[in-house]
Amino acid sequence: MGQVTNDDLQLQLQREVAIALIALYPTTFSDHSMAQQLISLDRPKDVGHGDFASSIALALSKKLAKRPIEVAQEIKGYLEKSDTASIFLEKIEVAGPGFINFYLNSKSQSNLILEILHSKENYGSSDLLQGEKINLEFVSANPTGPLHLGHTRWAALGDSLARILRSQGAQVASEFYINDRGVQMDLFGQSLQAAALNQPIPEDGYHGEYISDLAKEILEKNPDILKLSPADQVIEFRDLGYQLQLQEQKNVLENFRTSFDIWFSEKSLYENDEFEQALARLKAQGHVYIQEGATWLRTTDFGDDKDRVIMKSDGSLAYFASDCAYYDSKRERGFTINIYLLGADHHGYVGRLKAIAAARGDDPDKNIEILIGQLVKIMEAGVEVKLSKRAGTIITLSELVEKVGVDAARYTLLRYPSETPMVLDVDLLRKRTNENPVYYVQYAHARIFQILKSAKDLKIDFTNGNFDLLNQEVEKNLISKLAAFREVVKSSAQLREPHRVPRYVEELAAAFHRFYTECRILPQGDELVNDLHRTRLILANATMQIIKNGLDLLGVSAPERM
RNA sequence: GCGCCCGUAGCUCAGUCGGAUAGAGCGAAUGCCUUCUAAGCAUUAGGUCGCAGGUUCGAUUCCUGCCGGGCGCGCCA
């Protein structure tokens with residue numbers, strides 16, 4: 001047998017246990033894959049419980065009519081005699097009510113560390129999602145104003161999720177859907193025109209201070225605009241304002257390290273017949289009907305609350321028309337998995353979006369995935385800031401970044417599951433930036449970097465070490481944390497949950513800080529360099545690599561000094 | 001009224017397929033720098049996991065009902 005990678009260990013251990021079950025209880029287990037499926041095997045939170053733990057004995061207790069501890073002992077006994085298991089296991093223990101704890105030997109630990117140092121920035125990536133073509137749509141703000149705090153959360157989440165999915169081999173297009181047509185755009189144009197002419201802005205128009213600034217900018221650059229007829233002025237203001245505002249959004253997102261592969265124009269759906277084709281397809285499939293002069297899609301056939309209007313009775317298009325054509329476009333472009341990151345205020349869309357997919361003949365559970373991002377509340381001076389465009393109390397993406405920086409903003413927004421409503425305490429982020437968890441993680445990285453730099457200055461060669469020497473609790477704990485990285489990134493990708501990465505990286509940083517406090521890494525004074533120093537340097541180096549890899553998945557920088 | 005999400009320490013929140021004494025950060029108290037970054041570490045305090053049932057060897061986790069909070073239920077976008 002060749003070198004066993006850590007990734008395989010879990011599977012291999014599972015296989016060994018399955019073999020044991022079949023040998024020990026032939027009347028209960030005959031089929032190998034069935035036995036293996038039954039076996040739970042996870043990484044315990046507590047290092048005292050080994051590198052892997054299984055509750056299989058507890059689960060089987062009833063079926064075998066034996067006490068859990070007895071079952072555990074029997075499995076342990078069998079595995080201890082197994083030659084294959086002993087290749088990578090140090091020892092097996094039965095603990096608590098009947099858990100079996102497995103401890104890896106130092107050979108498998110050193111293999112892990114060496115693999116990290118060998119793979120470098122690629123460690124943690126896999127081909128788990130190889131061949132998947134994923135469209136990931138997020139932010140998708142109207143180009144009629146600045147990006148607010150909600151958009152900021154989706155920007156961080158979407159961008160990080162794209163990085164995580166790509167790391168697992170998926171082909172991902174991150175996409176921004178520009179709502180550049182319809183009533184809102186016209187209101188935008190009217191608002192700009194009114195502001196430019198010092199006239200009252202329409203009641204349902206756009207009011208923020210940015211509108212008058214934008215109007216002023218347009219006037220300065222295009223003085224001739226006033227010569228146009230009022231109706232043409234609106235169009236001109238709308239189009240020029242749109243360009244400026246969209247460019248502004250692009251700049252802000254760029255500065256937030258959020259990149260999009262595709263900026264998709266809603267208007268374009270109508271300029272090259274994509275809407276016509278999508279509608280024709282739905283009609284041909286028999287899901288479209290006309291009632292009271294309006295054209296409807298029978299989404300209730302596919303679980304939606306009510307049918308949706310595509311074309312209104314006055315002949316104008318409903319917003320939903322674009323949704324249909326847009327989904328069709330994504331499928332035509334070859335995306336099999338289409339992820340929508342929606343704000344909680346749009347969660348009512350789930351039913352109709354799924355219905356579009358189903359009506360088209362797709363599998364709504366497979367081809368469409370919708371992630372709901374709960375809204376972000378803001379606390380300032382101990383009270384909640386009510387967000388209102390009218391009152392000018394909205395906090396924009398760029399304001400947040402100005403206050404706390406890109407790293408802290410991204411990291412904070414990524415720490416929580418998207419479906420968790422979160423409260424940002426601006427005062428805390430503003431006044432106490434040093435206490436933000438992001439600095440805790442970055443500090444660990446910077447610390448290691450400086451130590452390795454010192455080691456190089458001292459001309460210490462730490463390419464080889466002896467992992468048998470690492471027998472302290474803090475050292476073992478750090479190694480076992482490193483071993484968990486791959487599984488964290490994988491589950492993060494599979495569950496579409498980026499927050500697992502920051503949580504993990506914080507645990508890893510904590511494990512390192514404890515290790516650093518208790519274990520001297522570099523030789524002191526006149527002390528000669530020995531294998532323990534070298535091995536600890538290797539361990540520190542691997543830790544730095546994983547912190548860096550984790551932060552990269554979040555789009556957060558890993559500073560060399562702080 | 002119906003649908004989705006949330007309810008875990010004083011505050012902000014983690015907690016994979018149900019598992020071992022329920023965790024982290026902040027805040028509070030106390031220790032630790034003549035040696036690698038104290039933006040760190042250690043110890044202490046702080047909990048009826050919203051409430052009540054059910055499923056089972058075992059429930060913060062799954063099911064039902066209730067209470068409380070957020071959001072959504074247009075031929076608006």
Are the aromatic ring centres of A:W263 and A:F176 under 6.0 angstrom apart?
yes
Is B:rC5 in the syn range, within 90° of 0, or in the anti range?
anti
Touch class at under 4.0 angstrom, heavy-atom based, for A:A294 against every strand present
base
Cation-pi, A:F512 ring and A:R447 (6.0 angstrom, 45 degrees):
no
Using a cut-off of 4.0 Å on non-hydrogen atoms, how would the nucleic acid contact of A:Y416 be classed: base, sugar-phosphate, or nothing?
sugar-phosphate
Of B:rG19, B:rA20, B:rC36, the nucleotide closest to the side chain of A:R520 is B:rC36
Specify whether A:Y177 and A:Y326 have parallel, tilted or perpendicular ring planes, treating 30° as the upper limit for parallel and 60° as the lower limit for perpendicular.
parallel
Heavy atoms only, 4.0 Å cut-off, all strands: where does A:A444 land among base, sugar-phosphate and nothing?
nothing
Backbone of A:L553 reached by a side-chain donor or acceptor of A:S167 within 3.5 Å
no
Under 4.0 angstrom, heavy atoms only, what part of the nucleic acid is A:A446 near: base, sugar-phosphate, or nothing?
base
Using a heavy-atom cut-off of 4.0 Å across all strands, would you classify A:P421 as base, sugar-phosphate, or nothing?
sugar-phosphate
If a pair satisfies salt bridge (Lys or Arg N to Asp or Glu O under 4.0 Å) and one of its residues is in residues 91-103 of chain A, list it, with sequence neighbours excluded.
A:K91-A:E93
If you pin A:G348 and A:R503 to their nearest nucleotides in RNA chain B, which one's is more 5'?
A:R503
Residue A:E419, side-chain atoms from C-beta onward, closest of B:rC36, B:rG19, B:rC6
B:rC6
Base, sugar-phosphate, or nothing for A:Q450, non-hydrogen atoms under 4.0 angstrom?
base
Defining pairs by Watson-Crick or G-U wobble geometry with both distances under 3.5 Å, how would you list the stems of RNA chain B with at least three pairs each?
B:1-7 with B:67-73, B:10-13 with B:23-26, B:28-32 with B:40-44, B:50-54 with B:62-66
Any idea which of B:rA14, B:rU37, B:rA20 is nearest the A:H499 side chain?
B:rA14
What is the nucleic acid contact for A:E266, judged by heavy atoms within less than 4.0 Å: base, sugar-phosphate only, or nothing?
nothing
Just call it for A:T295: base, sugar-phosphate, or nothing, with non-hydrogen atoms closer than 4.0 Å on any strand.
nothing
For the residue pair A:H533 and A:F462, is the inter-centroid distance of their aromatic rings smaller than 6.0 Å?
no
What parts of residues 300-316 of chain A reach RNA chain B, counting only heavy atoms under 4.0 Å away?
A:K306, A:V309, A:K312, A:S313
Answer yes or no: is there a side-chain heavy-atom contact under 4.5 Å between A:Y319 and A:N179?
yes
5′-ward residue of the pair A:T517/A:I448 relative to RNA chain B:
A:I448
What does A:R536 touch in the nucleic acid at a heavy-atom separation under 4.0 angstrom: a base, only the sugar-phosphate, or nothing?
nothing
Would you indicate what A:N101 reaches in the nucleic acid, counting non-hydrogen atoms under 4.0 angstrom: base, sugar-phosphate, or nothing?
base
Which part of the nucleic acid does A:R514 contact within heavy-atom distance under 4.0 Å: base, sugar-phosphate only, or nothing?
sugar-phosphate
Applying a 4.0 Å non-hydrogen cut-off, can you work out what A:I521 is touching in the nucleic acid: base, sugar-phosphate, or nothing?
base
Please step through side-chain contact (heavy atoms from CB on, under 4.5 Å) for the pair A:H499 and A:R415, ending with a clear verdict.
CA-CA 5 Å; A:H499 78 274; A:R415 275 188 91 218; 5.9 Å; no
With a 4.0 Å cut-off on heavy atoms, is A:E292 in touch with a base, just the backbone sugar-phosphate, or nothing at all?
base
Is the distance between the ring centroids of A:Y443 and A:H513 less than 6.0 Å?
yes
Would you mind classifying the nucleic acid contact of A:R500 as base, sugar-phosphate or nothing, using non-hydrogen atoms under 4.0 angstrom?
base
Can you tell me which nucleotide in B:rC17, B:rG19, B:rC71 comes closest to the side chain of A:D345?
B:rC71
Would you say the ring centers of A:Y242 and A:F188 fall short of 6.0 Å from each other?
no
Strictly distance-based, threshold 3.5 Å: is any side-chain N or O of A:D180 a donor or acceptor partner for the main-chain N or O of A:K267?
yes
State the syn/anti category of B:rC11 according to its glycosidic angle, syn meaning within 90° of 0.
anti
